[in-house]
Amino acid sequence: MDDGRLRVETLGPLRAYAADREIALGPPKQRAVFAMLALRDGREVSRDRLVDGIWGEAAPTTAVGSLHTYVSGLRRALAGLGEPLVSSGTGYALRLPPGGLDVAEVERLAARARADAAAGDREAALAAFDAALAQWRPGPDGTAGTVLGGLPGAFAAEHRTWAAGLRLRLVREHAELLLDAGRPAAAADRLRAHAAAHPYDEGLRALLITALSRSGRTADALTQYHDLRTRLADDLGLDPSAELRALFASLLSAGAEHPREAEHRREADRPREAGRPQDADPESAPAAAPAAPVRPAQLPRGVPDFVGREDAVRQVLETARAAGSGTDGDTDGHADDGSPRIVMAVGVGGVGKTALAVRCAHLLAPAYPDGQVYVNLRGFDPKRPARSPADALHHLLTSAHPGAVPADHEQRVALWRSIVRDKRMLIVLDNAESADQVEDLLPGDGPSFVIVTSRNRLSGLAVRYGARRVTLSPLTADESLAMLRAAIGDSRVGAELPAARRIAELCDRLPLALRIASEQVTAGSQARIADLAAELEDVRYRLDALQIPDDELYSVRGVLSWSYARLDDRTAHAFRTLGLFPGVNIRAEAAIALLDVPPQAATAALRNLAAQHLMEATGTGYWMHDLTRIYAEEVARDGEPPQVRKAALRRVLHWYVRTLTQDYKSTKVKLPFTLEEPAPHAPLRFADQKELVAWCVQEWDNLAPLLRTAQRVGCHDEAWQLAYLLFDYFYAAGQTRDWVEVLRLGMRSAEMTGDRQAQAVLLNHLGVAYSRLGDNDAAVRELRRGLRLLEDLGDDVLRTSLLGNLASVLREAKDYRAALPYAGQALDLARRSGLDYYEAGVLDVLCELHAELGEFEDALWYGTYGLTAARRCGNVLLEANILLNLGGAEHGLAHAEKASRYFQDALALCESGGDHYHEALTLFGLAKVARAGSDVPAARGLATRALRRLKALGAEETADVTLFLRSLDEDGADGTRQQAPRERPVRGRALPEQAVPARVTAGPRRSGPYRPADPVAR
């Protein structure tokens, strides 16, 4: 290769070279973009695929913009190399010279090795395999380094998996060739490290056993077999394959005997001890009596940096004290005074149940002088089955009783209860799988106290024995920070406080996750706390970061997998499917659609998952912790085909679309899309528009991610329909910047469908949203784009809406002459529509426009007709807007009492319907009336309330109210104004229609581009 050409290494840390110079590729995500392009070997990669490969399902709306930034950075890094990074309208490509990519070189060398082997040239083939395997860059310990180490995203992870599989195939082919060449010792040396790195790979181990046997190292070969058999049995519950067993038999038939086999043979030949039955059950055999009774003290060491949990600790201790205050209790787990003698610490895996139980047990130990017994019931153990009640009873009996242990289970239960009857013992039953596992272990009577921990709610213990449940939630933010300070060091955490706080949130404030994160930092794998925080930000690889290598007990994914493994098939399927829901809190009605099951089945699944603490019940639905959701998404990808996952998302999206469309039935506005009839899953019903808007406020944290997910997975119709249907929510609640973002997402999906009418509908809404932001130029641009799209569609109703809003925006820009013709056209079209909604909207626009022009009588004329039409169609948002404009017109005529009445009526509607924007404008209108009446204190109070609302919404009118408040200081001491210029009327909403006497002059206001009930079925 020429020295000046680009060369890329991806089989280890990502590196790029030109000549002998390594190229600085920039930050991790920029490097990940480079890796994706390099590994496509000159082929174009679309922008969408790059976004998916780097950001995954949690891609922010700024991802495409960030991608442009990264590509620009890479172009600067590659300057002087002949512009290898090229772009098109849809994506990018990185052109590398021949031999410039290590993966391509590996494939070329492997192909040559196979060809040489087929031709009988083993030495040349071995040399080619050696050269191919040498492309993997070694790590510090001489083994292969982490492929694309430190790079985020799904693509990097997939490449790691692919590269590991490729390397393993080459290792096997290489070893087989060495065996064929009569060099088994060399093959064994090469295979040993790889077998250790892949302990369950039976094919690799068979090659190693064969190589060792042919090298004369039969004992080592047998050791390898026994090691594999033990690992498979202990870790996976499996036996070796038939091929491996046959290989083992062939070694034995050749006369080999492993030392372990010889020991087993010698043990079998040894004479039995006198009086010892050969087939005795070791558990039923009499235990040797100790010299003196031993008081059990089995509590594990407590967590040294235990933090928080003051309330949970208090509940456990108070329960124990109440139980200990009585005399001998009855037989149902209660003291005579009714206090329970059993407390259950329950919660999701990793929340700190065992730590709490052990902490409380150590605090209580002095009050239980007859001993403290601890049993790990292994209810959710990753490597061993749950402990049987019989086995647990054997442990309890041998802990408290030096005599023989009966073989019969009922006899063991009776003996245990008899022993503990008169003793004050503290019994900790940790990690219980179910109430059935625990029930036979409970004392039947006496002063002993029991602490049980479980991920299950253990409702049976609560119902039958009145056990007190203490449910553990994640730590508070302060407690999480305290745990990080204790584990990492106060000075380090203090130096990177924002990053530490972010880690706490990304760990769901779960103690296990926080301890793992602390270990990652203190062990040196992360130079800074901020480095780990950046790694955890990648949702798709957060669980990878929250684990200690080779220790399944310290892995968030492992802990969650143990709970998942205990679910029955139906509940496991529900867990996987619910993990697809991108929102925060799913209602039972939405879960029915997502799961596509009857209501009773959906409710049962949700309750089962809540009982296992894989979901949490709230007042309105169910939610998952973020880490649980990430795990659920992982198992969904593994356990559900792509088409099934997409179908589930489409069902729940349809349910939300159905729920949001009910408003249009009352207004008789024609939707710009058709709905499947009948509805496959019943939507929610609302009494009126106010209820619908209030529900949207509650559901916003679900609606926003649902819309993004719809676009990402290709449900484009549902995406733009949701964006369209959220008009009333945004119009009433404000949050205009969010609205613009939602509409842009909807527009992208509408453009993907090619539906011009859908695009025009959303452009109409965008005009309203930009107008709310005070960006009138952008509003005019989008509205005119919408009108152009309608030129040959013949949609007069949508054209009415666009024209009315355009007139309103131009009036806001004080371009009254330009607004007049649009207002006239809108009125003409509105008269032909025959819908009260459009009639009211157009009249509202004209009322506002005349008020702006100071023609208050005309404004009242149009507004009065508009109010009647708005009330006929039942649209409270439009009614409130017209009331607001009528109040402004009466104020302009100095009719204070009438103006106040209109404003008060508008305020009542806004407050009850959650319309914060128009509520603020109404308060501003009342402030102006108060000022005109020389009541400056009242004016100041009302305007201050309006300002607070407008600031929270980021509304343009903030400046108007601020100036108004400043001008109050210029008023005279008696409250009279020194100067009284004409005030602009209070602003209102937008546009509707119907036959009215032909008065037209100008057009509407910005707050009001009207509710584009953009119409027409596609």
Side-chain angles (χ1 to χ4, degrees), residues 6-18 22-43 45 49-59 63 66-67 70-71 73-74 77-78 84-85 92-94 96 99-107 110 132-171 194 197-198 520 525-527 531-547 549 557 634 637:
L6 184 61
R7 176 167 54 91
V8 180
E9 296 177 357
T10 65
L11 296 173
L14 177 68
R15 290 192 174 95
Y17 297 90
E22 182 173 355
I23 299 170
L25 295 173
K29 283 192 173 68
Q30 184 168 302
R31 295 167 62 82
V33 171
F34 183 85
M36 282 191 72
L37 296 174
L39 286 163
R40 292 292 290 172
D41 202 15
R43 289 168 291 174
V45 186
R49 186 167 182 178
L50 284 164
V51 168
D52 289 341
I54 307 303
W55 284 273
E57 297 183 1
S66 298
L67 180 61
Y70 294 147
V71 170
L74 290 173
L78 300 174
L85 180 53
Y92 305 94
L94 182 67
L96 297 174
L101 179 64
D102 56 358
V103 169
E105 186 68 5
V106 166
E107 292 173 336
L133 289 167
Q135 296 293 322
W136 273 265
R137 308 302 166 189
D141 58 355
T143 61
T146 301
V147 171
L148 298 186
L151 295 197
F155 181 85
E158 290 165 2
H159 179 65
R160 290 183 197 108
T161 302
W162 176 86
L166 173 63
R167 189 165 189 259
L168 204 54
R169 289 196 299 275
L170 296 180
V171 165
H194 295 290
H198 300 84
Q520 301 285 34
S525 60
Q526 300 291 337
D531 294 336
L532 178 60
E535 186 175 351
L536 293 176
E537 289 286 359
D538 191 330
V539 172
R540 297 186 69 175
Y541 300 98
R542 191 175 301 167
L543 295 181
D544 292 336
L546 291 176
Q547 62 183 1
R557 179 185 282 111
E634 281 189 3
R637 285 195 294 271

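Values below: every heavy atom of this structure, side chains too, minus hydrogens, waters and symmetry copies.
Tyr92 is listed as a side-chain neighbour of Val71, based on a closest heavy-atom distance under 4.5 Å. You'll find the side chain of Leu6 stays beyond 4.5 Å of the side chain of Tyr17, heavy atoms only. Between Gln30 and Leu25, every side-chain heavy-atom pair lies at or beyond the 4.5 Å cut-off. Arg167 places a side-chain heavy atom less than 4.5 Å from the side chain of Leu133. Contact check for Asp102 versus Val8: no side-chain heavy atoms found under the 4.5 Å cut-off. Annotation: side chain of Lys29 is in contact with side chain of Tyr70 (closest heavy-atom distance under 4.5 Å). The shortest distance between side-chain heavy atoms of Glu9 and Leu14 does not fall below 4.5 Å. Inter-residue side-chain proximity for Trp162 and Val103 is flagged as met; some heavy-atom pair is nearer than 4.5 Å.
Under a 3.5 Å cut-off, the side chain of Arg40 and the backbone N or O of Leu37 do not form any donor-acceptor pair. One N or O on the side chain of Tyr541 and one on the backbone of Gly153 form a donor-acceptor pair closer than 3.5 Å. Side chain of Arg160 to main chain of Val147: a donor-acceptor pair is present (N/O by atom type, distance under 3.5 Å, no hydrogens or angles). Between the side chain of Glu535 and the backbone N or O of Gly150 there is no donor-acceptor pair closer than 3.5 Å.
Between Arg49 and Met36, the closest heavy-atom pair is O-CE, 3.6 Å. When all heavy atoms of Leu151 and Ala32 are compared, the closest pair comes out as CD1-CA, 4.0 Å. For the residue pair Arg542 and Leu536, the shortest heavy atom distance occurs at NE-O, 2.7 Å. The minimum heavy-atom distance between Pro28 and Pro152, with the atom names listed, is O-CD, 3.7 Å. Contact record, Ala163 with Trp136: O-CZ2, 3.4 Å, taken as the closest heavy-atom pair. Looking at every heavy atom in both residues, Leu101 comes nearest to Thr10 through CD1-CG2, 4.1 Å.
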*Could you walk me through whether Leu94 and Val45 pass the side-chain contact (heavy atoms from CB on, under 4.5 Å) test, one step at a time?*
CA-CA 9 Å; Leu94 182 67; Val45 186; over 6 Å; no

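Rounding to the nearest 0.5 Å places CG of Leu39 at 4.5 Å from NE2 of His159. Within the model, atoms CG of Leu96 and CG of Leu85 stand 10.5 Å from one another, a figure rounded to the nearest 0.5 Å. Taking CZ of Arg31 as the start and CD1 of Ile54 as the end, the distance is 12.0 Å to the nearest 0.5 Å.
Using a cutoff of 4.0 Å between basic side-chain nitrogens and carboxylate oxygens, Asp544 and Arg557 are scored as salt-bridged.
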